[in-house]
Amino acid sequence: MKVGIYPGSFDPVTFGHLDIIERSAKIVDELVVGVLNNSAKNSLFSLEERVSMIKEMTAHIPNVRVGCFEGLLVDYMKEINATIIIRGLRAVTDFEYELQIAQANGVQNSEIETIFLTSSLNYSYLSSTIVKEFASYGGDISKFVPEQFIDRIYAKYNITR
Ligand code: PNS
């Protein structure tokens, strides 16, 4: 059984993430969406909030589950018997950083393979940072995240619709 992990901060999860999750769930037997609990990074949403949003968004995909981890990704992968890392590539600007992490993780554990999925054209501009930037000014984020998340995101900036 091939277990893959799609790791990230997901602060918050977007349609771009969902696209990668849906497509990679067809490649591996089980996909774990691994939410990084990084206490040093100031995230807008708590770990619990991020996990809960991803669960809501992926409830329709039977072989996806959501987990969270602290510390090194390679250590968490051992814990859950995952051997494949899935990452999305939006543009060439993502590539250098992603290549470095993929190679470093491969050196740490030679059993690990990183698979890059190119983002769908519809979402190649989209990131959690873009969502937060637009939301912070009360901008339209309806093309970025599901309807049921919009108020939760605005609430972080004390914005009501
Ligand atoms: O959504 P992000 O912030 O681009 O995800 C980055 C992530 C979580 C994949 C990366 O920072 C990570 O794996 N962090 C865990 C710590 C680790 O293993 N570091 C070594 C590789 S950078």
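Bear in mind that the values here come from a model prediction, so they are computed numbers and not experimental data. Just so you know, residue 1 is the first one in the sequence shown, and it goes up from there. Read the numbers this way: they start at 1 and go in the same order the structure lists the ligands and their atoms.
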Residue part near ligand 1, for Ile101, under 4.0 Å between non-hydrogen atoms: side chain
Just heavy atoms, cut-off under 4.0 Å: does Leu72 contact ligand 1 by side chain, backbone, both, or neither? both
Is atom 16 (C) of ligand 1 in close reach of the protein, with a heavy atom under 4.0 Å away? yes
Determine whether any protein heavy atom is located less than 4.0 Å from atom 9 (C) of ligand 1. yes
Nearest protein heavy atom with distance in Å, relative to atom 2 (P) of ligand 1: Ser9 OG, 3.7 Å
Considering only protein heavy atoms, which is closest to atom 14 (N) of ligand 1, and at what distance to one decimal place? Leu36 CD2, 4.0 Å
Evaluate the side-chain contact (heavy atoms from CB on, under 4.5 Å) criterion for residues His17 and Ser128: first the C-alpha distance (whole Å), next the side-chain angles of each, then the deciding distance (0.1 Å), finally the verdict. CA-CA 9 Å; His17 294 127; Ser128 300; 3.4 Å; yes
Please identify which atoms of ligand 1 are closer than 4.0 Å to at least one heavy atom of Leu73. 13 (O), 17 (C), 18 (O)
Looking at ligand 1, does [X] have a heavy atom less than 4.0 Å from it?
X     : value
Gly71 : yes
Phe69 : yes
Arg87 : yes

What class does the angle between the rings of Phe144 and Phe134 fall in, given that below 30° is parallel, 30 to 60° is tilted and above 60° is perpendicular? perpendicular
Donor-acceptor side-chain pairing of Asn122 and Ser120 below 3.5 angstrom: no
Side chains of Ile27 and Leu117 in contact at under 4.5 Å (non-hydrogen atoms): yes
May I ask you to say whether Arg152 pairs ionically with Glu56, meaning some side-chain N is under 4.0 Å from a carboxylate O? yes
Carefully, step by step, assess Lys143 and Leu126 under the rule side-chain contact (heavy atoms from CB on, under 4.5 Å). CA-CA 10 Å; Lys143 295 208 166 56; Leu126 187 53; over 6 Å; no
Is there a side-chain contact (heavy atoms from CB on, under 4.5 Å) between Ile141 and Tyr154? Walk through the geometry before answering. CA-CA 10 Å; Ile141 53 170; Tyr154 280 157; 4.2 Å; yes
